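Down below is the structure, laid out as structure tokens.
This is a predicted model, so every value here is computed, not measured. What's counted below: heavy atoms across the whole structure, side chains too, no hydrogens, waters or symmetry copies.
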Amino acid sequence: MDYIKDNVLRKYLNGEIDTDIEKNSILNLDKELIKVCEGKTLLVKGEMTLIVGGKNSGKSKLMNYLLKQLLIDELDLGFELKTKEDIKVIHFDSEMSENRLANWSIDAPYNQYGNEYIEEILSDKLFIYTLKKETITERVSCIHSIYKQLQNKFIKTQFIICVDVGTCLTSDLNNQNSQGVIDDLVRQLDQCTLIVTIHDSLKLEEKKGIS
């Protein structure tokens, strides 16, 4: 399988994916939530940013909001881009079909900038993959394989990789077999910046899963 040619954005631009923006639109982030982030270092080169929250608390929305700050020309108030490097984002999802993923990751955040921006600029910065057809045990190696292919193709690029732990890496966050899944991912994704979203059940002291 050629992962570079199989990403959702490429299929979206080729007209292979039909989307319904109104049906699948995303709510705007609460202004108070944005205010909490001001003045903080949210993404660090070569390190991991962990976004923790309950179900439907807005973890993925916040992640998409941060990515938008990196990929558009103008940052929102309170955000500052520290690097002038070439930045590309690899976004993985395991629950959404390609149609839903296109709405979530492309149409809703970037549609306001127009088709020209999406087709000429965003297509070179954003790589989106659905892991829906991959088994849980195959996903870390699948993510690693995609990253290596893109890393070899874009040698002077700083990659930001986005993964949700609870859906992409394990079927049960509190299972003892889930210990070490994040560490395993970090070891395989060397030299990249990682954004990880995870359900807040890891805070429960009586659980022995992901620490």
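The two residues Y113 and Y117 have their closest heavy-atom pair at O-CB, 3.5 Å. Contact between W104 and S60 at its shortest, heavy atoms only, is CZ2-CB, 3.4 Å. Residues S105 and L126 come closest through the heavy atom pair O-CD2, 3.9 Å. Closest heavy-atom contact between Y12 and A102: CD1-CB, 4.1 Å. Heavy-atom minimum distance, C168 versus R139: O-CD, 2.9 Å. In this structure, I17 and N99 approach most closely via the heavy-atom pair CG2-CA, 3.6 Å.
Of the options I182, L43, T193, a side chain to side chain contact (heavy atoms under 4.5 Å, CB included) to M48 is made by I182 and by none of the others.
No more than 12 heavy atoms of other residues, nucleotides or ligands shown are found within 6.0 angstrom of NZ on K45. Other residues, nucleotides and ligands contribute at most 12 non-hydrogen atoms within 6.0 Å of the CD atom of E116.
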Candidate pair L50 and V52, rule side chain to side chain contact (heavy atoms under 4.5 Å, CB included), full reasoning: CA-CA 6 Å; L50 185 65; V52 181; 3.7 Å; yes
May I have the step-by-step check of ring-ring contact (aromatic ring centres under 6.0 Å, His included) for Y65 and F79, ending in yes or no? CA-CA 11 Å; Y65 185 80; F79 289 86; 5.5 Å; yes
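Atom CD1 in I121 sits 5.5 Å away from atom CG in D73 (nearest 0.5 Å). In this structure, CG in L67 is found 11.0 Å from CD1 in I72, a value given to the nearest 0.5 Å. Of the inter-residue distances, the one linking L185 atom CG with Y147 atom OH reads 11.0 Å to the nearest 0.5 angstrom. With values rounded to the nearest 0.5 angstrom, L150 atom CG is found 9.5 Å from T157 atom OG1. Taken to the nearest 0.5 Å, the NZ atom of K59 stands 9.5 Å off from the CD1 atom of I198. The CE atom of M63 sits 14.0 Å away from the NZ atom of K68 when rounded to the nearest 0.5 Å.
At a threshold of 4.5 Å between non-hydrogen side-chain atoms, the residues Q151 and Q149 do not count as touching. V196 has its side chain out of reach of I51: every pair of non-hydrogen atoms, C-beta onward, lies at least 4.5 Å apart. Contact of the L75 side chain with the L81 side chain is registered, since non-hydrogen atoms from C-beta on lie closer than 4.5 Å. Inter-residue side-chain proximity for C192 and I160 is flagged as unmet; no heavy-atom pair is nearer than 4.5 Å. For the pair F159 and V89, the minimum side-chain heavy-atom distance is 4.5 Å or more. Within the 4.5 Å cutoff, no side-chain heavy atoms of T49 are placed close to those of L194. Counting only heavy atoms from C-beta outward, the side chains of V140 and Q188 approach each other to under 4.5 Å. In this structure, the side chains of D164 and F92 stay at 4.5 Å or more apart for every pair of heavy atoms.
Formation of a donor-acceptor pair under 3.5 Å by the D124 side chain with backbone atoms of E120 is not found in this model. Q158 places no side-chain N or O within donor-acceptor distance of the main-chain N or O of D86, the cut-off being under 3.5 Å. S145 places no side-chain N or O within donor-acceptor distance of the main-chain N or O of S141, the cut-off being under 3.5 Å. Here the side chain of N7 pairs a donor or acceptor atom with the backbone of L9 at under 3.5 angstrom. For S94 (side chain) and L131 (main-chain N/O), no donor-acceptor pair under 3.5 Å exists by modelled atom type.
Taking the centre and axis of the six-membered ring of F154, the NZ or CZ atom of K88 falls inside the cone set by 45° and 6.0 Å.
Between the side chains of D93 and T130, not a single donor N or O lies within less than 3.5 Å of an accepting N or O.
Using a cut-off of 4.0 Å between Lys/Arg side-chain N and Asp/Glu carboxylate O, E98 and K132 are scored as not salt-bridged.
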